[in-house]
Structures are given as C-alpha cells and as structure tokens.
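Quick notes on the structure that follows.
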Amino acid sequence: MVPAFPTQPRRAMSSHGFPMPRRIGAVNWIGLYTLTRREVRRFLKVWVQTVAAPVVTTLLFYAVFALALGGVVRTVGDVPFLVFLGPGLVMMSIAQNAFANTSSSVLVSKVQGNIVDVLMPPLSPGELVTAWVTGGVIRGLMVGLVTAIAISLFVPMGVHAPLFILFHAVAAAMMLSLLGLLGGIWAEKFDHMAAVTNFVVTPLAFLSGTFYSIETVPPLFQFIAHLNPFFYFIDGFRYGFIGQTDGTLMTGLAVMVGVNLALWLWAWRLLTTGYKLKA
Amino acid sequence: MPDVAAQATMSTRPAGAYDPGRNRRIAAFHWPGFVTLLGRELRRVRKLAAMMVLAPAIMAAIYFACFALGLGVQRGTEAGDQVLTFLVPGLIMLSVLLRAAEVNGFSILGSKLDGVMLDQLMAPVGAREVVTAYALSSSITGVVSGIAIWLVSLLIWPMPVAHPLAALFFAGAGAMIMGLIGVLTGIVSDKWDHMAAWFTFIFVPLTFLSGAFAPVDAMPSPLREVAMASPMFYAVDGFRWAMLGTGEHQPPLQAAAILVAVCALLWAVAGALYARGWRMKA
C-alpha cells in the first residue's frame with residue numbers, strides 16, 4: 001500500500017491517535033537544510049544577476065587592467081602581470097558575492113516583513129547563522145569557480161597548492177557572508193546597505209593587493225594592507241596558484257580563523273538577543 | 001477700496017477652479033511643463049546626492065589608487081605617469097556617462113512601477129517637453145558628478161584643463177546621449193532585473209572599453225571595432241583631448257558632430273516612443 005505522504009517522516013502517535021510534535025534533537029537538521037536550500041534557490045532563481053553578471057564584471061576588470069597596465073607592467077615579482085592578476089580577481093568576486101547574498105537576503109526579508117517566517121520556526125541562532133552563511137559561501141564559490149574557468153580560457157592558471165586555494169576560498173566566503181549577515185541585521189534601509197557596500201566593502205576589496213604586490217607600494221599602504229583582513233585571504237589564495245606570497249602565510253591562516261570565529265560569535269550573539277530583528 | 005471691488009466683480013470662484021475666460025492655449029513648446037518636470041528630476045538627483053556624487057567620487061579615487069599602485073616599479077617613471085594622466089579624463093567620463101544613464105533609467109522605471117508615470121502621461125505635457133527635460137537633467141547630473149571627480153583628481157593628480165569649454169561640451173553631450181539611452185532603457189524595461197541586465201551586460205562594458213581606462217588602439221581586433229562604433233568612445237575621446245590638449249584619436253570637431261547627430265537621433269526615437277506611450281499606456 002502506498003502511504004499518503006511518502007515524503008513525511010513517520011510521526012509518533014499519541015494515545016488519542018494524533019501525531020505527536022516532531023522531536024528535535026540537538027540540531028534541527030530539517031530546518032537547517034530547508035533554510036540553506038532556500039538561500040541557494042533564492043540566488044539561483046535570478047542566476048543571470050547573481051552568477052552571470054558578477055562573472056562578466058570581473059572579466060571586464062581583468063580586461064581593463066590588462067589593457068591599461070599590461071603594456072607598462074610586465075611582471076610582478078617573477079610572475080607575469082596577467083597571471084598575478086587572475087587569482088586576486090577571482091577572490092574579489094568570491095568575497096563580494098558572498099557578502100551580497102547574506103546581506104540582501106536578510107535586509108530584503110526585513111523590509112518585506114517576511115523575516116518572521118525565518119525567526120518563528122524552531123531554528124536556533126546557531127542554525128540560522130549556519131544556514132545563511134552556507135548560502136553565501138555556496139554563491140561565492142560558484143561565482144568564483146565560473147570566473148576562474150572563464151579567466152583560464154584567456155590566461156592559463158597553474159595550481160601550486162590546492163589546499164591553500166580551497167581553504168582561503170571557503171574562509172573568505174565565510175568571512176564575507178558573516179559580514180553581510182551582520183550588515184543585513186544592522187541595516188534598516190537599502191541606503192544603509194549601499195553605504196556599507198560603497199564605503200566599506202568595496203574599498204577594502206580594491207585596496208587589498210588584488211591589483212598590485214604589497215612589496216612595491218609605499219609604507220603607508222603596506223601598513224593599511226596588513227590591517228585589512230582582505231589582504232590575507234587574497235594573498236593566501238594567490239599563493240595557492242602562483243606560489244609567491246606578499247605576507248606570511250601562517251599569519252594569514254591565523255587571521256582567517258580568528259576573524260571568522262569572532263564574526264561568527266558576534267552574529268550568533270546578535271541573533272540570540274534579537275538585535276534589530278525582534279522588537 | 002478698488003482692489004476688493006475689482007476682485008468681487010471678476011470672480012467668486014475658488015482658486016484653481018476652471019475659468020473659461022483664462023487663456024489655456026499651450027504654445028508649441030510647453031515651457032511650464034518642461035520646467036516643472038526638469039525641476040522634479042533635479043530635486044530627485046539632489047536627494048540621491050550621496051549615490052550620484054559622493055559614491056562615484058570615492059570609487060574613482062579607488063580606481064586611481066589601484067592603477068597607481070598597480071604600476072609597481074613603473075610608478076614615478078615617465079611611462080607610468082602617462083598611464084595615470086591618460087586615466088584621469090577616463091575616470092571622469094566613466095562616471096559622467098553611467099550616472100547620466102542611471103538617473104533617467106531609474107526615474108522612468110521607478111515611475112512606471114510605482115504607477116506615478118500616470119501623472120506624467122495625463123498632464124498636458126507632450127513627448128518633446130518630457131524627453132527634453134530628461135535629456136537636460138541627465139546632462140546636468142552627469143556634469144555635476146564629473147566635476148566632483150575632477151575636484152578629487154585635483155588633490156591626487158593635478159593637471160590643467162586645456163580647453164574647459166570643450167570639456168564641458170563633451171561631458172554634457174556624452175551625458176545627454178547616455179541620458180537618452182537611459183530613457184529608452186526605462187521605457188523598454190518592465191522590471192529592475194531588465195534594467196540591471198542592460199547596465200551589467202551592455203552599458204558598463206561599452207563604457208569601460210570605450211577608452212576610459214586604456215587606449216582603444218591597444219585592444220584586440222573585435223573589441224576595438226565594437227568600441228569605436230559606440231558613441232561613448234567619441235565622448236571619452238573628445239573629452240580627453242579637451243582636458244589634455246593632445247592625443248585625440250578623432251578630430252575634435254568631427255567627434256563633436258557625431259555626438260550632436262547621435263543626440264538628435266536618440267531624442268527623436270525616445271520622443272516617438274514616449275508619444276506613442278509604448279510599454280507605458282495599455
């Protein structure tokens with residue numbers, strides 16, 4: 001006999017024949033999976049805007065910098081300029097899209113009022129952070145992968161240390177997803193979010209050593225770069241491709257783990273207290 | 001008390017009521033309607049000043065920093081300085097062109113989606129006044145955002161402007177062309193997604209590759225021909241000549257003539273579409 005609802009898990013029945021509430025263990029796996037799937041489907045539905053558009057924009061930057069500087073700047077260190085530029089641009093697209101995914105998801109839900117549909121279900125703050133961040137990480141990695149493939153059609157990208165590439169891609173996407181989550185919780189209007197993007201994320205992303213080696217810039221910019229967490233993941237990610245680094249790789253790993261941990265706890269704390277989310 | 005007596009005999013109607021005696025004949029060009037719409041558009045831009053002026057100025061400074069630092073060991077050499085000198089007019093025109101297209105496209109599509117486009121279509125203002133007001137407002141917006149970036153550039157990379165009036169003309173004409181293209185985009189689009197796609201896939205790449213950052217001659221073959229076919233190229237090229245005084249790709253007068261012709265053509269097309277109410281009236 002075919003059960004009426006084959007997708008529903010079997011529920012325990014009370015002595016009166018009613019289904020008992022679903023017992024949730026330490027982790028609400030169904031809820032976690034559902035919110036993560038929603039976050040991924042949310043951006044895949046408009047993939048032209050969320051995946052194709054960033055890839056085109058990144059290729060455009062690649063073309064512009066290659067045309068403008070390629071004639072004058074032949075190499076950075078021992079590496080041809082175009083090979084140096086590729087990984088940094090891939091990382092920039094990962095970072096910007098991971099940020100955009102969580103920040104827009106939370107802010108749009110808040111503005112439309114459907115954030116209650118996420119806050120009311122039995123999802124703990126930790127599960128909310130995990131699901132939102134996973135959505136952002138998946139979008140970041142997806143855009144990064146497509147961008148890397150597109151760039152490698154023009155300039156081959158060699159792989160030096162695959163684990164470095166993977167670690168920095170995931171850690172950076174996670175960091176920016178958490179920042180986007182914090183921004184989305186804090187912002188009340190789209191103007192606030194535009195201000196964060198224009199005045200914080202974009203400058204940090206551009207002035208992080210994507211387009212130049214830190215070793216050749218004035219001391220002031222070197223100092224600023226070492227304060228900028230973006231510098232560490234771009235440098236570490238690029239090291240994974242070209243085997244040449246501007247900073248110390250171990251410091252970079254420590255910064256990535258530390259910043260991610262701190263941001264995670266901060267986001268978790270905000271969701272626990274309900275800051276700007278629950279009245 | 002002659003005034004009170006005169007008023008009493010003239011009319012007892014409330015202010016603004018229909019008065020058959022009043023001359024309501026509208027001239028060939030309806031100046032009050034034109035001025036009103038232009039005023040609304042400019043007030044809108046003033047409200048969006050942070051997005052239209054401040055953010056582009058910061059972005060231009062960031063681009064400049066990236067290129068300057070990206071020069072690496074070439075920074076400070078003659079070859080490096082040439083790259084930066086070439087870049088400044090390009091960065092100014094980049095914002096001039098894109099802001100002009102954005103301001104009109106967003107205004108029209110926003111009006112359509114909010115339903116307030118009706119107020120504009122119902123008013124006794126024809127297509128020629130409306131399209132002219134949009135063209136002028138985008139031109140002003142573009143030039144203002146360009147001036148903001150030029151002021152920033154004075155702090156970072158000061159250089160004299162060789163032909164200020166010509167620079168103003170090329171910036172204004174380029175902005176007007178992009179503003180009219182923005183009008184067309186606003187009319188064509190039904191959703192924000194459509195508008196965003198036009199910008200991401202067509203306008204931004206064309207502007208970026210129209211000699212804003214790098215000489216068009218350095219481009220590989222198919223890109224070069226596409227860039228040189230776009231009106232943006234002539235605006236950027238003419239503006240760079242006006243600022244630097246040398247190194248024009250096209251004779252400036254020829255570039256100016258092309259810009260005026262394209263402007264007139266786009267004005268006519270946008271006017272015809274607006275008059276028909278394509279995608280605006282059911």
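Here is how names work: the chains are called A, B, and so on, in the same order as the sequence lines, proteins then strands, and each is numbered from 1.
No more than 12 heavy atoms of other residues, nucleotides or ligands sit less than 6.0 Å from atom CZ of A:F154. The number of heavy-atom neighbours closer than 6.0 Å to CZ of B:R279, taken from other residues, nucleotides and ligands shown, is above 12. The environment of A:W47 atom CH2 is sparse: at most 12 non-hydrogen atoms of other residues, nucleotides or ligands sit within 6.0 angstrom. More than 12 heavy-atom neighbours from other residues, nucleotides or ligands sit within 6.0 angstrom of NZ on A:K276. Open room surrounds CZ on A:F223; 12 or fewer heavy atoms of other groups in view lie less than 6.0 Å from it. Within a 6.0 Å sphere centred on CG of A:D78, other residues, nucleotides and ligands contribute 12 heavy atoms or fewer. Within a 6.0 Å radius of CD in B:E78, no more than 12 heavy atoms belonging to other residues, nucleotides or ligands are found.
If you measure heavy-atom distances from A:A53 to chain B, the contacts under 4.5 Å come from both the backbone and the side chain. Looking at B:V204, both its backbone and its side chain come within 4.5 Å of chain A, counting heavy atoms on both sides. For a residue to count as touching a neighbouring chain, one of its non-hydrogen atoms must lie under 4.5 Å from one of that chain's; by this rule A:F221 touches chain B with the side chain only. With a 4.5 Å cut-off on non-hydrogen atoms, A:A66 does not touch chain B at all. Both the backbone and the side chain of A:L67 come within contact range of chain B, judged by heavy atoms closer than 4.5 Å. For A:T57, the part lying under 4.5 angstrom from a heavy atom of chain B is the side chain only. Looking at A:V46, the atoms closer than 4.5 Å to chain B (heavy atoms on both sides) all sit in the side chain, from C-beta outward.
In this structure the side chain of A:N198 never reaches within 4.5 angstrom of the side chain of B:M59, judged on heavy atoms. Between A:V217 and B:R75, the closest side-chain pair of non-hydrogen atoms falls below 4.5 Å. In this structure, the side chains of B:L69 and A:T216 stay at 4.5 Å or more apart for every pair of heavy atoms. Looking at heavy atoms from C-beta onward, B:D193 lies out of side-chain contact with A:V48 at the 4.5 angstrom threshold.
The two residues A:F211 and B:C66 make their nearest non-hydrogen contact at CD1-SG, 3.5 Å.
Per-residue heavy-atom pair counts under 4.5 Å with chain A were compared for B:L223, B:I58, B:L87, B:L71, and the maximum is reached by B:L71. Of the listed residues B:A218, B:P205, B:A65, the one with more heavy-atom pairs under 4.5 angstrom with chain A than any other is B:P205. The candidate from A:L207, A:L85, A:D191, A:V64 with the greatest count of non-hydrogen atom pairs under 4.5 Å with chain B is A:V64.
B:F67 and A:F65 have parallel rings, their planes meeting at less than 30° on a 0 to 90° scale where 60° marks the start of perpendicular.
Atom CD of residue A:Q49 and atom CZ of residue B:F201 lie 6.0 Å apart, to the nearest 0.5 angstrom.
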